[in-house]
Asks: 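Take this structure first; my questions come after.
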There are 2 protein chains.
Amino acid sequence: MNIGAAAKASGVSAKMIRYYESIGLIGQAHRTEAGYRTYGQDDLRTLGFIRHSRELGFSLAEVTRLLALWRDDDRASADVKKLAMAHIEEIDRKIAHMAAMRDTLVKLADCCHGDGHPDCSILDALSQSAG
Amino acid sequence: MNIGAAAKASGVSAKMIRYYESIGLIGQAHRTEAGYRTYGQDDLRTLGFIRHSRELGFSLAEVTRLLALWRDDDRASADVKKLAMAHIEEIDRKIAHMAAMRDTLVKLADCCHGDGHPDCSILDALSQSAG
DNA sequence: ATGGACCTTCCCATCGTGGGAAGGTCAAGG
DNA sequence: CCTTGACCTTCCCACGATGGGAAGGTCCAT
């Protein structure tokens with residue numbers, strides 16, 4: 001299977017497959033004599049794993065660790081869970097940050113008439129030295 | 001006031017002040033004969049405005065529009081509000097996305113024993129073809 | 001043999017920020 | 001007057017993950 005077919009089958013773009021190979025996230029693909037990369041079922045499974053991990057927001061660095069654990073038959077599930085929990089905490093931090101921004105924005109927008117006049121509580125707040 | 005002092009006073013790093021100038025977000029600073037940028041109170045107000053806008057998550061493209069509205073005495077507050085509301089919606093989308101990831105992760109982590117054994121529902125889920 | 005669909009590598013762009021090198025300027029103190 | 005150190009200048013590189021596209025090679029079907 002060439003890279004295009006592997007991309008279609010795995011949901012990972014050909015561009016990304018090459019990139020993952022270039023940074024060592026996945027091993028070097030087998031090549032035909034002409035230099036074409038070829039992929040088998042195992043490779044598809046790995047690419048799928050990566051895609052799922054990415055969809056859950058894991059960074060490529062974290063995916064590297066997840067892949068290593070995945071391939072390690074002697075892993076402790078505690079290590080996987082630890083990684084996942086840390087990621088959840090990171091997401092929580094981001095959500096909290098965005099929720100705080102959202103709160104402030106909503107409050108400001110509520111105070112803004114939103115009409116044809118120039119007076120605007122949003123701009124007022126943004127130009128506050130203290131704000 | 002040199003750029004370092006302006007950075008300290010405004011909370012925007014010197015690096016970023018130069019960058020904002022380079023992309024035209026702010027005007028070109030006055031220069032001393034030696035080529036040093038100098039800043040006055042007006043500049044500080046602008047930098048503060050930018051910083052506050054960034055802290056609320058506005059992109060530099062959005063900040064550009066906010067600055068234009070801020071400087072336009074004939075603006076309609078409705079335009080500002082529209083920009084803010086669109087930004088809130090964008091934040092909502094991101095929060096929803098992250099909350100969904102979080103949900104999935106928590107469910108997976110709950111099913112993972114997190115002990116010394118290799119069996120791990122998280123890895124199992126990541127390696128599912130169906131996702 | 002030709003065309004089209006594929007593949008290769010290589011470079012560039014995004015977005016906002018930081019790091020750092022190489023060199024110029026300025027002010028204070030010896 | 002000279003040195004020292006803190007500042008300033010421009011320029012390039014890096015991140016993270018992805019896409020776009022150019023220039024050129026390969027493969028297969030007509």
Side-chain angles (χ1 to χ4, degrees), chain A residues 1-26 28-40 43 46-67 87 90-91 93-94 97-98 101, chain B residues 1-26 28-40 43 46-67 87 90-91 93-94 97-98 101:
Chain A
M1 182 169 8
N2 284 344
I3 198 171
K8 224 174 246 175
S10 69
V12 178
S13 75
K15 211 87 185 181
M16 277 303 101
I17 297 176
R18 292 194 198 97
Y19 174 65
Y20 292 162
E21 181 183 320
S22 82
I23 62 170
L25 179 60
I26 57 183
Q28 302 216 317
H30 292 135
R31 301 277 189 139
T32 66
E33 292 200 354
Y36 283 23
R37 289 172 182 82
T38 59
Y39 298 88
D43 299 311
T46 301
L47 289 171
F49 183 95
I50 293 173
R51 181 168 65 82
H52 297 321
S53 304
R54 294 288 300 134
E55 283 169 357
L56 289 180
F58 288 105
S59 71
L60 291 186
E62 288 166 328
V63 175
T64 303
R65 278 175 248 139
L66 285 171
L67 272 175
H87 182 42
E90 180 64 26
I91 289 177
R93 250 171 272 135
K94 286 186 186 166
H97 182 219
M98 294 203 302
M101 295 194 309
Chain B
M1 184 169 8
N2 284 344
I3 198 171
K8 226 174 244 173
S10 68
V12 178
S13 76
K15 211 88 184 180
M16 278 303 101
I17 296 177
R18 292 194 197 98
Y19 175 64
Y20 293 161
E21 182 183 319
S22 81
I23 63 171
L25 178 60
I26 56 182
Q28 302 216 317
H30 291 136
R31 301 278 190 139
T32 65
E33 292 201 354
Y36 282 25
R37 289 173 181 82
T38 59
Y39 298 88
D43 300 310
T46 301
L47 289 171
F49 183 96
I50 294 173
R51 182 167 65 83
H52 296 322
S53 303
R54 294 288 299 136
E55 283 169 356
L56 288 180
F58 288 104
S59 70
L60 290 186
E62 289 165 326
V63 175
T64 302
R65 278 175 246 141
L66 285 172
L67 272 175
H87 182 44
E90 180 64 26
I91 289 176
R93 250 171 274 137
K94 286 186 187 166
H97 182 217
M98 294 203 303
M101 295 194 309

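Because the structure is a prediction, the values reported are computed rather than measured. Proteins get letters first, then strands, A, B, ... in listed order; numbering begins at 1 in each.
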Asks: Identify whether any heavy atom of A:Ser59 sits under 4.0 Å from a base atom; if not, whether one sits that close to sugar-phosphate; answer base, sugar-phosphate or nothing.
Replies: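 Sugar-phosphate: the residue A:Ser59, judged by heavy atoms under 4.0 Å, touches backbone atoms but no base.
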Asks: Using whole Å, report how far CD1 of B:Ile26 lies from P of C:dG16.
Replies: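 Interatomic distance, CD1 of B:Ile26 to P of C:dG16: 14 Å.
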Asks: Taking N and O atoms by type only, does the side chain of B:Lys15 place a donor or acceptor under 3.5 Å from a partner on the base of C:dG16?
Replies: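 By the distance-only test, no, there is no pair.
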Asks: Quick one: on DNA chain D, does A:Met16 or A:Glu33 contact a more 5' nucleotide (nearest heavy atom)?
Replies: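 Closest to the 5' end, via its nearest nucleotide, is A:Met16.
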Asks: So, B:Glu62 and B:Arg65, do they make that salt bridge, N to O below 4.0 Å?
Replies: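 Not counted as a salt bridge, because no side-chain N and carboxylate O are separated by less than 4.0 Å.
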Asks: Hey, does the side-chain of A:Tyr36 have a donor or acceptor N/O within less than 3.5 Å of a partner on the base of D:dG25?
Replies: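 Indeed, a donor on one side and an acceptor on the other fall under 3.5 Å apart.
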Asks: Take atom CE of A:Met1 and atom P of C:dA5, then tell me their distance rounded to the nearest Å.
Replies: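 So the two atoms are 22 Å apart, to the nearest Å.
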Asks: To the nearest Å, how far apart are A:Leu25 CG and D:dG16 C1'?
Replies: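 A:Leu25 atom CG is separated from D:dG16 atom C1' by 13 Å.
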Asks: May I have the distance from B:Gln28 (atom CD) to D:dT10 (atom C1'), rounded to whole angstrom?
Replies: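 Atom-to-atom, B:Gln28 to D:dT10, this comes out as 14 Å.
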Asks: Please step through side chain to side chain contact (heavy atoms under 4.5 Å, CB included) for the pair B:Leu60 and B:Tyr19, ending with a clear verdict.
Replies: CA-CA 11 Å; B:Leu60 290 186; B:Tyr19 175 64; 3.8 Å; yes
Asks: Within the structure provided, determine whether B:Ile26 and B:Ile17 are in side-chain contact (heavy-atom separation under 4.5 Å).
Replies: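 Answer yes - side chains close enough.
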Asks: Could you tell me how far apart B:Lys8 (NZ) and D:dA6 (P) are, to the nearest whole angstrom?
Replies: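 Rounded to whole Å, this separation is 12 Å.
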Asks: Would you mind classifying the nucleic acid contact of B:Ser13 as base, sugar-phosphate or nothing, using non-hydrogen atoms under 4.0 angstrom?
Replies: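 B:Ser13: backbone/sugar contact only, no base atoms under 4.0 Å.
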Asks: If I compare all heavy atoms of B:Met101 with all of A:Glu55, which pair ends up nearest, and what's the gap?
Replies: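 That would be SD-O, 3.3 Å.
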Asks: Roughly, in whole Å, what's the span from OH in A:Tyr19 to P in C:dA13?
Replies: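 One finds 18 Å between P of C:dA13 and OH of A:Tyr19, rounded.
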Asks: Quickly work out the B:Ile3 CD1 to D:dT10 P distance and round it to whole Å.
Replies: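 Spelled out: CD1 on B:Ile3 to P on D:dT10 is 9 Å.
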Asks: The side chain of A:Arg37 lies closest to which of these nucleotides: C:dT17, C:dT8, D:dG19?
Replies: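 The listed nucleotide nearest to A:Arg37's side chain is C:dT8.
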Asks: Show the numbers, then the answer: is there a side chain to side chain contact (heavy atoms under 4.5 Å, CB included) between A:Arg37 and A:Arg18?
Replies: CA-CA 9 Å; A:Arg37 289 172 182 82; A:Arg18 292 194 198 97; 3.7 Å; yes
Asks: Rounded to whole Å, how long is the line connecting atom CZ of A:Arg18 with atom P of D:dG21?
Replies: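 Taking atom P of D:dG21 as the reference, CZ of A:Arg18 is at 15 Å.
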Asks: Respond yes when some side-chain nitrogen or oxygen of A:Tyr20 is under 4.0 Å from OP1 or OP2 of D:dT18, and no when none is.
Replies: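 The answer is yes; a side-chain N or O of A:Tyr20 sits under 4.0 Å from OP1 or OP2.
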Asks: Please check the phosphate of C:dG24 (OP1 and OP2 only) for any side-chain N or O of B:Arg31 closer than 4.0 Å.
Replies: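 So the side-chain polar atoms of B:Arg31 never come under 4.0 Å of the phosphate oxygens OP1 or OP2 of C:dG24.
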Asks: Hey, which of these two, B:Thr32 or B:Phe58, hits DNA chain C nearer its 5' end, going by closest nucleotide?
Replies: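 Closer to the 5' end of DNA chain C: B:Phe58.
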Asks: Identify whether any heavy atom of B:Arg54 sits under 4.0 Å from a base atom; if not, whether one sits that close to sugar-phosphate; answer base, sugar-phosphate or nothing.
Replies: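 B:Arg54: backbone/sugar contact only, no base atoms under 4.0 Å.
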